[in-house]
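A short write-up of the structure that comes next.
Count residues from 1 along the sequence. Just so you know, ligand 1 is whichever comes first in the structure, and atom 1 is the first atom listed for that ligand.
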Amino acid sequence: MTDARDRLIVALDVETVDAARALVSTLGDVVSFYKIGLELAYGGGLALARELKDQGKRVFIDLKLHDIGATVERATRQIARTGMDFLTVHAYPQTMAAARAGAGDLKLLAVTVMTSYDDADLREAGYACSVAELVARRAGQAKAAGIDGLILSPLELPTIRPIVGPGMLLVTPGVRPAGADAGDQKRIMTPAQAIAATANHIVVGRPITRAAAPRAAAEAIVAEIAGV
Ligand code: C5P
């Protein structure tokens with residue numbers, strides 16, 4: 001169960017540090033790994049990240065960095081100094097190389113193409129390729145840049161795992177237990193399907209954080225992972 005527990009990352013997508021603390025306390029030992037994203041980071045979440053580390057939790061800082069190389073390198077070094085576990089950056093070659101230079105032991109995850117983008121959105125943004133082509137290209141570039149892992153849709157796992165090999169961490173949001181409300185996630189898999197498709201970690205937010213009984217919801221997902 002410990003291994004299964006470490007593979008679940010709970011997205012702390014709540015407005016305040018107090019709400020996040022209450023949730024972490026409710027989830028207790030069931031959850032060992034948390035993701036702090038933009039909303040909470042801008043509301044005191046980086047200090048909370050330190051508290052979580054002091055409680056022995058693992059912490060994924062989802063800031064999706066993208067800037068000129070010097071700035072990315074220095075920002076990455078700041079986050080690495082705080083002892084966090086994972087940090088996201090956008091999968092542009094310059095950005096990834098700069099983050100790698102500043103990361104030390106901090107593991108870097110590259111965001112290939114946002115899962116809210118489809119081919120028409122890419123065209124509108126000036127790209128002359130499909131989402132599938134761009135994801136595959138960026139996955140190869142991430143590997144070449146020495147990036148530790150990728151954030152991707154669970155449906156991309158079967159095509160991307162062969163490109164990056166077994167050593168790359170593949171981390172997928174868009175996971176919903178059977179029967180759960182999909183919300184705005186369109187391309188989903190169940191926890192068991194995502195793990196069977198070689199995800200190293202799954203990121204789950206609302207099915208746990210908005211559940212009537214969050215601890216029981218998290219326990220059920222850990223049990224489902226353990227059963228794969
Ligand atoms: O509530 P839900 O389980 O949909 O939360 C998924 C989490 O993963 C959210 O924090 C969301 O911002 C994040 N995420 C995502 N899709 C991406 C990248 C990140 O859903 N492509």
Arg210/Asp181 salt bridge by N-O under 4.0 Å criterion: no
Considering Ala182, Pro207, Pro173, which one's heavy-atom position lies nearest to atom 18 (C) of ligand 1? Pro173
From the list Ile36, Leu109, Leu87, Asp85, side-chain contact (heavy atoms from CB on, under 4.5 Å) with Phe60 holds only for Leu109
Is [X] close to ligand 1, meaning an N/O of one under 3.5 Å from an N/O of the other?
X: Lys64; result: no
X: Asp184; result: no
X: Ile151; result: no
X: Asp62; result: no

Please answer whether the main-chain N or O of [Y] pairs with a side-chain N or O of [X] as donor and acceptor at a distance below 3.5 Å.
X: His201; Y: Asp6; answer: yes
X: Arg176; Y: Thr190; answer: no
X: Arg5; Y: Asp29; answer: yes

Measure the acute angle between the ring planes of Tyr92 and His66, then classify it against the limits of 30° and 60° as parallel, tilted or perpendicular. parallel
Should you measure from each heavy atom of [X], which atoms of ligand 1 turn up under 4.0 Å away?
X: Val204; answer: 3 (O)
X: Ala11; answer: 10 (O)
X: Arg176; answer: 1 (O), 2 (P), 3 (O), 4 (O)
X: Lys35; answer: 8 (O), 10 (O), 13 (C)
X: Gly205; answer: 1 (O), 2 (P), 3 (O), 5 (O)
X: Asp13; answer: 9 (C), 10 (O)
X: Arg206; answer: 1 (O), 2 (P), 3 (O), 4 (O)

So how far is it from Leu27 CG to Thr209 OG1, rounded to the nearest 0.5 Å? 9.0 Å
So is Gly183 touching ligand 1 or not, going by heavy atoms under 4.0 Å? no
Ligand 1 versus Ser116, non-hydrogen atoms closer than 4.0 Å: side chain, backbone, both, neither? neither
For ligand 1, the portion of Thr115 having any non-hydrogen atom under 4.0 Å away: both
min-distance protein heavy atom vs atom 6 (C) of ligand 1 -> Gln185 NE2, 3.8 Å
Decide yes or no on side chain to side chain donor-acceptor pair (under 3.5 Å) for Arg215 and Thr26, but give the supporting numbers first. CA-CA 6 Å; Arg215 189 182 166 101; Thr26 300; over 6 Å; no
My understanding is that only residues two or more places apart in sequence, or in another chain, count here; which of them pass salt bridge (charged side-chain N to carboxylate O under 4.0 Å, His left out) with Asp105? none
Can you name the nearest heavy-atom pair linking Val72 to Leu65, along with the distance? O-CD1, 4.4 Å
